[in-house]
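See below for the structure under consideration.
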Amino acid sequence: MAGWAEHIRVIGRLVFIVLRDRTGRVQLVVRKNISPESWKLARKLSVESVIAAKGVLKENPEAPGGREVVVSELEVLSPAEPLPIDVREPEKTILAKRLDYRYLDLRNDKIRLIFQIEAEVAEVFRQVLRSKGFTEIFTPKILGAASEGGAEVFTVIYFKREAFLAQSPQLYKQLGVISGLERVFEIGPVFRAEPHHTPRHLTEYTSMDYEMGFISDFNQVMDVAEAFLKKATETVVSKYGDLIEKFYPNALLEPVKEIPRMTLEEVHEILRREYGKEYPPGEDLDTEGERLLGEYLEKEHGYHAVFITRYPWGPRPFYTMPCTCVESPGEECCTNLKPDTPTCSFDLIFRGLEMTTGGQRQHDYKCLLKQVENKGISPESLSWYIDMFKYGAPPHGGAGTGLERVVKQILGLKNIREARLLPRDPERLTP
RNA sequence: GCCGUGGUAGUAUAGCCUGGCUUAGUAUGCGGGCCUGUCAAGCCCGUGACCCGGGUUCAAAUCCCGGCCACGGCGCCA
């Protein structure tokens with residue numbers, strides 16, 4: 001057998017080694033009287049060296065787990081130098097240093113668990129979407145024009161031209177719907193040049209996106225997001241509940257059952273009533289508001305998540321469907337959009353943090369043009385996109401979810417960097 | 001981007017406010033020694049640090065300025 005030497009204890013002419021690999025652990029015991037050569041190597045072995053051993057597995061009540069391998073032959077495949085971080089107890093080392101040595105940080109079960117769960121969450125997303133007839137697509141991440149505004153986009157050199165990294169697959173998802181695939185989804189990286197120093201932002205993260213055609217109501221978009229979060233928490237809790245409970249005291253230990261849907265106005269009312277927090281009509285929640293709302297719903301009603309609907313036009317992107325166009329379609333519905341005009345869009349707050357944004361999209365060519373102008377964007381820069389709506393575009397909507405945020409909220413992690421294998425932030429570009 | 005707090009051995013911290021009383025303390029790691037049943041083994045010995053640059057001062061880990069980095073708050077966002 002082979003693996004990493006996790007613990008080494010030298011007791012005179014006897015050495016205990018806890019050997020670890022992907023599948024688990026076993027104690028090796030190296031006795032001088034059985035194999036003097038192995039004993040010599042073992043007593044000078046360093047923690048986290050990779051070793052291979054031959055021996056006999058024996059039942060022994062004195063061994064941890066009741067069994068151990070009595071070693072007859074030991075080989076050091078790759079010795080380890082003294083470790084720069086404490087692998088045994090990650091919280092003893094500051095996160096930044098652990099990230100510098102992520103490959104050692106991950107030697108700890110507790111840390112690896114985060115990424116096993118992340119894989120599970122992504123897998124559930126894929127399963128849920130496929131089961132509903134969505135096709136997985138893979139869209140470009142190098143773009144000729146910034147898709148949703150300028151300030152937060154990364155510029156790259158593309159041969160002799162300037163190009164941009166995708167902030168979202170939004171426009172391409174819609175292309176997928178209009179192309180006839182009708183229902184599409186993507187799990188992929190997105191890039192945001194936002195110089196934030198917060199525990200919930202990354203400059204590169206994994207976005208789980210979907211877009212669906214022929215909707216009659218944007219509640220159908222929420223139904224999909226709800227099905228995903230229920231299934232994701234259900235799967236993670238049933239598969240990893242025991243480990244999560246052992247390692248993460250602030251984790252969610254039960255599946256999300258019901259997700260209420262309330263309008264922004266209703267949320268304002270709750271926050272005013274319960275916490276005396278006043279918002280101007282149509283104003284998005286601030287960080288504190290999101291947190292307080294999460295606390296209130298959890299404590300009073302046992303809800304872990306909530307949809308906030310009917311966000312006003314002001315803070316929403318140009319492609320958002322105004323409620324006016326759903327309630328009374330026609331030429332007029334998009335002519336006089338004001339910042340406080342409600343839209344058929346929503347946010348999903350999970351344990352007090354925004355994890356998903358979505359809604360219905362404008363599919364009427366004329367209205368789309370008006371909305372682009374309303375936001376002060378030049379239609380020429382988006383001509384390929386706008387032209388799509390000239391040739392038959394069904395009513396549609398979709399949403400995008402930050403994978404790392406979901407994992408952060410399930411496990412109750414303090415910093416989103418913990419939930420990203422190799423995080424990128426305004427300072428960090430390595431490893 | 002703005003604001004705040006911080007940066008001391010491999011790791012985590014004390015000392016800083018009130019400059020000298022420090023040979024910079026403690027835990028752990030690491031190196032050596034003892035030990036045939038360890039379970040984060042124990043005991044003994046040893047090892048190792050004031051982020052970078054400038055300034056104030058007889059004297060700077062300690063006070064001031066700049067830089068870099070880290071953490072947090074805000075705005076913003078997934």
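Heavy-atom basis, side chains included; hydrogens, waters and symmetry copies ignored. Below, chain A is the first sequence line, B the second, and so on; all start at residue 1.
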Checklist entry - What is the pairing partner of B:rA24, taking Watson-Crick or G-U wobble pairs with both distances under 3.5 Å in any strand? => result none
Next on the checklist: Determine whether a donor-acceptor pair (one donor, one acceptor, N or O, separation below 3.5 Å) exists between the side chain of A:H196 and the base of B:rG75.
Outcome noted: yes
Item to check | B:rC76: pairing nucleotide in any strand, Watson-Crick or G-U under 3.5 angstrom | outcome: none
Checklist entry - Under a 4.0 Å N-O cut-off, is there an ion pair linking A:E136 with A:R126? => result yes
Item to check | Short side-chain N/O contact to B:rC39 OP1/OP2 from A:R25, under 4.0 Å | outcome: no
Checklist entry - Paired with B:rA40: which nucleotide, if any, by Watson-Crick or G-U wobble criteria at under 3.5 Å for both distances? => result none
Item to check | Greater than 12 external heavy atoms within 6.0 Å of A:R67's CZ | outcome: no
Item to check | Value in whole Å for how far the C1' atom of B:rG72 lies from CD of A:E288 | outcome: 15 Å
Item to check | Options B:rG73, B:rA78, B:rA12, nucleotide nearest the side-chain atoms of A:I94 | outcome: B:rA12
Next on the checklist: I need the CG-C1' distance between A:D209 and B:rA78, as an integer number of Å.
Outcome noted: 9 Å
Next on the checklist: What's A:E290 touching, base or sugar-phosphate or nothing? Going by heavy atoms closer than 4.0 Å.
Outcome noted: base
Checklist entry - Got more than 12 heavy atoms from elsewhere within 6.0 Å of CD1, A:I157? => result no
Item to check | Watson-Crick or G-U counterpart of B:rG48, or none if no pair lies under 3.5 Å | outcome: none
Checklist entry - Is A:E265 salt-bridged to A:R310, cutoff N-O under 4.0 Å? => result no
Next on the checklist: In whole Å, measure the gap between the P atoms of B:rC69 and B:rA61 for me.
Outcome noted: 25 Å
Item to check | Rounded P spacing from B:rC51 to B:rG7 in Å | outcome: 8 Å
Checklist entry - Base, sugar-phosphate, or nothing for A:T357, non-hydrogen atoms under 4.0 angstrom? => result sugar-phosphate
Item to check | Short side-chain N/O contact from A:R13 to OP1 or OP2 of B:rU36, under 4.0 Å | outcome: yes
Next on the checklist: Would you measure the distance from the C1' atom in B:rU8 across to the matching atom in B:rA24 and give it in whole Å?
Outcome noted: 9 Å
Checklist entry - Any idea how A:Y103 and A:Y101 line up, ring-wise: parallel (<30°), tilted (30 to 60°), or perpendicular (>60°)? => result perpendicular
Checklist outcome for this item: Of the candidates B:rG72, B:rC77, B:rA78, the side chain of A:N415 sits closest to B:rG72
Next on the checklist: Would you measure the distance from the C1' atom in B:rC34 across to the matching atom in B:rG20 and give it in whole Å?
Outcome noted: 44 Å
Next on the checklist: Does the structure place the NZ or CZ of A:K141 under 6.0 Å from the centre of the six-membered ring of A:F191, at an angle of no more than 45° from the ring's axis?
Outcome noted: no
Checklist entry - Just checking A:E204: base, sugar-phosphate only, or nothing, at a heavy-atom cut-off of under 4.0 Å? => result nothing
Checklist outcome for this item: Assert: residue with more 5' nearest nucleotide on RNA chain B, out of A:Y205 and A:V10, is A:V10
Checklist entry - With a non-hydrogen cut-off below 4.0 angstrom, is A:D286 in contact with a base, only sugar-phosphate, or nothing? => result sugar-phosphate
Item to check | side-chain N/O A:T401 vs B:rA78 OP1/OP2, d < 4.0 Å | outcome: no
Next on the checklist: More than 12 heavy atoms of other residues, nucleotides or ligands under 6.0 Å from OH of A:Y275: yes or no?
Outcome noted: yes
Checklist entry - Is A:H197 side chain donor-acceptor paired with the B:rC71 base, going by distance under 3.5 Å alone? => result no
Next on the checklist: Less than 4.0 angstrom from a charged side-chain N to a carboxylate O is my criterion; do A:K97 and A:D100 meet it?
Outcome noted: no
Checklist entry - Hey, does A:E354 reach any base, or is it just sugar-phosphate, or nothing, if we go heavy atoms under 4.0 Å? => result base
Checklist entry - Looking at B:rC69, does its base get a donor-acceptor pair with the side chain of A:R428 below 3.5 Å? => result no
Next on the checklist: Measuring only between side-chain heavy atoms, which start at C-beta, is A:F350 closer than 4.5 Å to A:L252?
Outcome noted: yes
Item to check | A:F191 CZ - B:rC77 P separation (whole Å) | outcome: 20 Å
Checklist entry - So does A:D86 reach the base of B:rU28 with its side chain, donor to acceptor, closer than 3.5 Å? => result no
Next on the checklist: Using atom C1' in both nucleotides, what's the gap between B:rU56 and B:rA40 to the nearest angstrom?
Outcome noted: 48 Å
Checklist outcome for this item: When rounded to whole Å, the CG to P distance for the pair A:L348 and B:rC77 reads 16 Å
Checklist outcome for this item: A:T93 has its side chain closest, among B:rA12, B:rG72, B:rA78, to B:rA12
Item to check | Residue A:R43, side-chain atoms from C-beta onward, closest of B:rC34, B:rC77, B:rC71 | outcome: B:rC34
Next on the checklist: Using a strict threshold of under 4.0 Å (side-chain N to carboxylate O), is an ion pair present between A:K110 and A:E91?
Outcome noted: yes
Item to check | Pair partner, B:rA14 [Watson-Crick or wobble, under 3.5 Å] | outcome: none
Checklist entry - When the distance from CG of A:D425 to P of B:rA70 is rounded to whole Å, what number comes out? => result 6 Å
Checklist entry - Does a side-chain N or O from A:K44 land closer than 4.0 Å to OP1 or OP2 of B:rG32, or not? => result yes
Checklist entry - If we take the C1' atom in both B:rG55 and B:rA60, what is their distance in whole Å? => result 11 Å
Checklist entry - Given atom CD1 of A:I8 and atom C1' of B:rA40, what is their separation to the nearest angstrom? => result 13 Å
Checklist entry - Mind checking who B:rA61 pairs with, Watson-Crick or G-U wobble, both distances under 3.5 Å? => result none
Item to check | B:rU62 to B:rU18 separation - P atoms, rounded to the nearest Å | outcome: 14 Å
Item to check | Atom P, compared across B:rG75 and B:rC63: separation rounded to whole Å | outcome: 33 Å
Next on the checklist: Taking the nucleotide of RNA chain B with the nearest heavy atom to each, does A:P84 or A:G12 sit closer to the 5' end?
Outcome noted: A:P84
Checklist entry - When you check the phosphate oxygens OP1 and OP2 of B:rU11, does a side-chain N or O of A:K97 lie under 4.0 Å from one of them? => result yes
Item to check | Partner nucleotide of B:rG19 by Watson-Crick or wobble geometry (both distances under 3.5 Å) | outcome: none
Item to check | Candidate nucleotides B:rA40, B:rA70, B:rU11, ranked by approach to the side chain of A:E89 - the nearest | outcome: B:rA40
Next on the checklist: What's the closest nucleotide to the side chain of A:R192 if the choices are B:rC77, B:rC76, B:rG72?
Outcome noted: B:rC77
Checklist entry - A:I416 has an atom CD1; how far is it from atom C1' of B:rG72, in whole Å? => result 16 Å
Checklist entry - So, does the side chain of A:E62 form a donor-acceptor pair with the base of B:rU38 at under 3.5 Å? => result no
Checklist outcome for this item: Among the nucleotides B:rC30, B:rC76, B:rA40, whichever has the atom closest to the side chain of A:P82 is B:rC30
Next on the checklist: Once you apply a heavy-atom cut-off of 4.0 Å, does A:L83 come out as touching a base, just sugar-phosphate, or nothing?
Outcome noted: sugar-phosphate
Checklist entry - What's the closest nucleotide to the A:T287 side chain, out of B:rG75, B:rC77, B:rA12? => result B:rG75
Next on the checklist: Tell me the interatomic distance from A:R98, atom CZ, to B:rA12, atom C1', rounded to whole angstroms.
Outcome noted: 13 Å
Checklist outcome for this item: Partner of B:rA70 under the Watson-Crick or G-U wobble criteria, both distances under 3.5 Å, comes out as B:rU5
Checklist entry - Counting side-chain heavy atoms from CB outward, which of B:rC76, B:rA70, B:rC74 is closest to A:T198? => result B:rC74
